[in-house]
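Structure first, commentary second.
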Amino acid sequence: MQTPMPLGARVVALTALLWNLFGLLVFALQVSMSPEQRAALPLDQQQINAAMPMWIYGVFGLATLAGTAGSIALLFARHWAEPALRVSFIAIVVQMVASYALTPVWALTGLRGLGLPLLLILVVASMWLFARGAARRGWLR
């Protein structure tokens with residue numbers, strides 16, 4: 001039996017959607033950057049971007065698209081929100097681990113560079129776990 005999703009949960013879902021729409025914007029700006037725009041970046045960012053394998057951008061796109069779709073599904077209380085947000089979580093973890101393993105990001109940013117990747121992983125994990133809890137509570141159909 002389905003239980004109606006509380007208003008607070010819908011606010012969380014809307015917040016997740018806004019977060020993921022911002023992620024889509026960042027993805028679009030990243031992949032559409034011109035050579036001139038890349039040349040204007042700080043030197044460490046240029047080195048990281050030059051070393052970044054193209055497939056990592058594909059994983060970034062998957063993370064943002066799955067996150068956006070999952071957030072929309074969560075907002076409309078659809079059962080496929082949880083698997084979509086799980087895909088987004090797995091993709092963001094793969095993206096961040098690969099970025100650190102395959103580029104000089106650690107050598108160039110050190111510990112100070114870990115803040116944003118860890119925040120991203122934490123937020124996306126929270127969205128997925130929230131959707132999983134919503135499914136267990138019977139809020140999703």
Side-chain angles (χ1 to χ4, degrees), residues 1-42 44-141:
M1 183 167 98
Q2 183 180 352
T3 305
M5 187 181 285
L7 178 62
R10 294 209 183 262
V11 170
V12 170
L14 180 60
T15 304
L17 177 58
L18 293 173
W19 171 275
N20 280 293
L21 288 172
F22 181 72
L24 274 177
L25 175 64
V26 171
F27 171 72
L29 292 172
Q30 180 75 31
V31 298
S32 66
M33 199 178 291
S34 71
E36 295 79 20
Q37 291 169 320
R38 289 189 190 279
L41 292 171
D44 60 346
Q45 259 328 125
Q46 290 181 43
Q47 291 173 322
I48 293 166
N49 284 346
M52 191 76 65
M54 290 305 294
W55 65 266
I56 293 179
Y57 293 110
V59 175
F60 181 15
L62 175 63
T64 58
L65 289 171
T68 301
S71 298
I72 291 169
L74 189 58
L75 190 60
F76 289 101
R78 298 293 184 245
H79 72 278
W80 52 272
E82 187 275 331
L85 289 167
R86 182 178 345 117
V87 167
S88 180
F89 171 66
I90 292 167
I92 198 76
V93 169
V94 169
Q95 176 195 355
M96 293 304 153
V97 169
S99 294
Y100 273 82
L102 302 174
T103 73
V105 67
W106 179 256
L108 294 171
T109 65
L111 197 55
R112 70 177 166 80
L114 275 178
L116 184 59
L118 290 177
L119 176 67
L120 292 171
I121 290 170
L122 179 65
V123 169
V124 176
S126 298
M127 286 181 219
W128 167 50
L129 293 172
F130 182 82
R132 193 169 76 171
R136 287 184 179 155
R137 287 176 177 84
W139 298 343
L140 307 181
R141 57 183 182 281

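None of these values were measured; they are calculated from a predicted model. All heavy atoms count here, side chains included; hydrogens, waters and symmetry mates do not.
- Atom CE of M5 and atom CG of L74 lie 4.5 Å apart (nearest 0.5 Å).
- With contacts defined as side-chain heavy-atom distances shorter than 4.5 Å, the pair L108/Q47 qualifies.
- Distance CG/L114 to CG/L119: 12.0 Å, rounded to 0.5 Å.
- The CZ atom of F27 sits 11.0 Å away from atom CG of L29, with the distance rounded to the nearest 0.5 Å.
- Counting all heavy atoms, side chain and backbone alike, L41 lies closest to M33 at CD1-SD, 3.8 Å.
- Heavy atoms only, all atoms of each residue included: Q46 and A39 are closest at NE2-O, 2.9 Å.
- Pairing each heavy atom of P53 with each of L102, the nearest pair is CG-CD1, 3.9 Å.
- Atom CG of residue L62 and atom OG1 of residue T64 lie 8.0 Å apart, to the nearest 0.5 angstrom.
- Although no hydrogens or angles enter the test, the distance criterion places no donor-acceptor pair under 3.5 Å between the side chain of Q45 and the main chain of P42.
- Heavy-atom minimum distance, Q30 versus F60: CB-CE2, 4.3 Å.
- Atom-to-atom distance recorded for L25:CG and N20:CG is 12.5 Å, nearest 0.5 angstrom.
- Of the possible donor and acceptor atoms, none in the side chain of R137 sits under 3.5 Å from a partner among the backbone N and O of T3.
- Here the side chains of M127 and W19 are in contact, with some heavy-atom distance below 4.5 Å.
- P117 has its side chain within reach of Y100: a pair of non-hydrogen atoms, C-beta onward, lies under 4.5 Å apart.
- In this structure the side chain of R78 never reaches within 4.5 angstrom of the side chain of L140, judged on heavy atoms.
- Across every non-hydrogen atom of G70 and W80, the tightest pair is N-CZ3, 4.5 Å.
- Contact check for P35 versus R38: no side-chain heavy atoms found under the 4.5 Å cut-off.
- No donor-acceptor pair under 3.5 Å is formed between the side chain of R132 and the backbone N or O of W128.
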Decide yes or no on side chain to side chain contact (heavy atoms under 4.5 Å, CB included) for W55 and V94, but give the supporting numbers first.
CA-CA 11 Å; W55 65 266; V94 169; 4.2 Å; yes
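- Separation of atoms CZ (F130) and OG (S71) is listed at 11.0 Å; rounding is to 0.5 Å.
- Nearest heavy-atom pair across D44 and R112 is OD2-NH2, 3.9 Å.
- Atom OH of Y57 has more than 12 heavy atoms from other residues, nucleotides or ligands within 6.0 Å.
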